[in-house]
There are 2 protein chains.
Amino acid sequence: MNVEKLSSKLTEKGLKVTPQRIAVLEAVMQLHNHPTVDNIIEYIRVNHPNIATATVYKVLDALVQNQLIKKVKTSQDIMRYDAIVEKHHHIYSSDSERIEDYIDEDLNNLLTAYFAQKSIPGFEIEDVNLHIIGKFKSTDNS
Amino acid sequence: MNVEKLSSKLTEKGLKVTPQRIAVLEAVMQLHNHPTVDNIIEYIRVNHPNIATATVYKVLDALVQNQLIKKVKTSQDIMRYDAIVEKHHHIYSSDSERIEDYIDEDLNNLLTAYFAQKSIPGFEIEDVNLHIIGKFKSTDNS
DNA sequence: TTTTAAATGAGAATGATTCTCATTAAATAA
DNA sequence: TTATTTAATGAGAATCATTCTCATTTAAAA
């Protein structure tokens, strides 16, 4: 995604367009493996060596607030981020920190239908997503 | 759950039975709201004022390793724990840190059936659980 | 342009978690 | 039961991710 498109995403949300915000947004989009803040900073500093750590954190917060990216829930105390806004689920490795996206329209439909029919008393559902835990069999990356 | 039962849970896993481990296990079981480590320490120190912070962390790790409790995935950088071992899902408040358990046998069956029929290439599923995000309507606690 | 309000940078501060290591205690063997 | 062994605990320091502060800079509006 080019700078113009990234800029317009920010503008659409009423956010000021700054080089730092472009860089962070681009980084989260390029780093497909649900990057940590460290991953993001490392990526950005190649082309943008002076960006402050606190700036990256503040930009990430702003992007999350405006739903341009999402936080990924983990069982660790470091935060990870996700640039995919399309409805999807996550596959978690049980023997590494690998997290993959899982897009499955049938599953979405199944869950939507299920909760259309079965509501939870005292609770208004806004979103549901499945966490799939297991082991990646292949050899390439884990 | 009494001390004998808690002890035998530890023994079954090959863990030494210590007053600290009993106390931590009991705390996580008593505190039903997916407590933070701080919640747990505060609870324990009432009857056990000298337990060290590091001990609580170490005991929690040991209990998680031995599957007597579970870590709860969150979008925050503090860890929360869950003493329920029964298969269940989680309801997350979108406007507070409240997390509730969601037990639904029909949903379990639906998901099991779905993934019995539809496998994920290169991945061996060990567990799936649903995260339900939304708003609690009631007034009591949120 | 000028103004204004917001974003950034640098480093200090915070706070959850981990580490270290001497001491203590649980489980096992005698 | 007592001695032995091995692991767990306590205390506080250390670490590390994240947040805060505030002076400076910059984007966008006037």
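When the nucleotides dT18(D), dT19(D), dA8(D) are ranked by their closest atom to the side chain of Ile78(A), dT18(D) comes out on top. Of all nucleotides listed (dA7(C), dG10(D), dA27(C)), dG10(D) comes nearest to the side chain of Gln20(B). Closest approach to the Ile51(A) side chain among dT18(C), dT17(C), dG9(C) is made by dG9(C) (side chain taken as heavy atoms from C-beta onward). Distances were taken from every side-chain heavy atom of Ala52(B) (C-beta onward) to each of dT18(D), dG10(D), dT17(C); the shortest belongs to dG10(D). Distance from the side chain of Lys58(A) is smallest for dT8(C) among the nucleotides dT8(C), dA26(C), dG10(D).
Distances shown here put a side-chain N or O of Tyr57(B) below 4.0 Å from the OP1 or OP2 atom of dT17(C). Dashed line: the shortest gap from a side-chain N or O of Thr18(A) to OP1 or OP2 of dA7(C) is not under 4.0 Å.
Mapping Asn50(A) and Leu15(A) onto DNA chain C by nearest heavy atom places Leu15(A) at the nucleotide closer to the 5' end.
Regarding Arg21(B), its CZ atom lies at a distance of 10 Å from the C1' atom of dA26(C), rounded to whole Å. Distance, Asp77(A) CG to dT19(D) C1': 15 Å, rounded to whole Å. As rounded to whole Å, 12 Å separates atom C1' of dA25(C) from atom NE2 of His48(B).
Here Ala54(B) lies in heavy-atom contact (under 4.0 Å) with a base.
Between the side chain of Asp82(B) and the backbone N or O of Ile84(B) there is at least one donor-acceptor pair closer than 3.5 Å.
Between Glu124(A) and Lys137(B), none of the side-chain N atoms (NZ, or NE/NH1/NH2) sits under 4.0 Å from a carboxylate O, so this pair counts as no salt bridge.
Interface remark: the Lys16(B) side chain does form a donor-acceptor pair with the dT6(D) base, using a distance-only criterion of under 3.5 Å.
Looking only at atom types and distance, the side chain of Asp127(A) has no donor-acceptor partner in the side chain of His131(B) under 3.5 Å away. In summary, the side chains of Asp101(B) and His34(B) do present a donor paired with an acceptor at a separation below 3.5 Å, with no hydrogens or angles considered.
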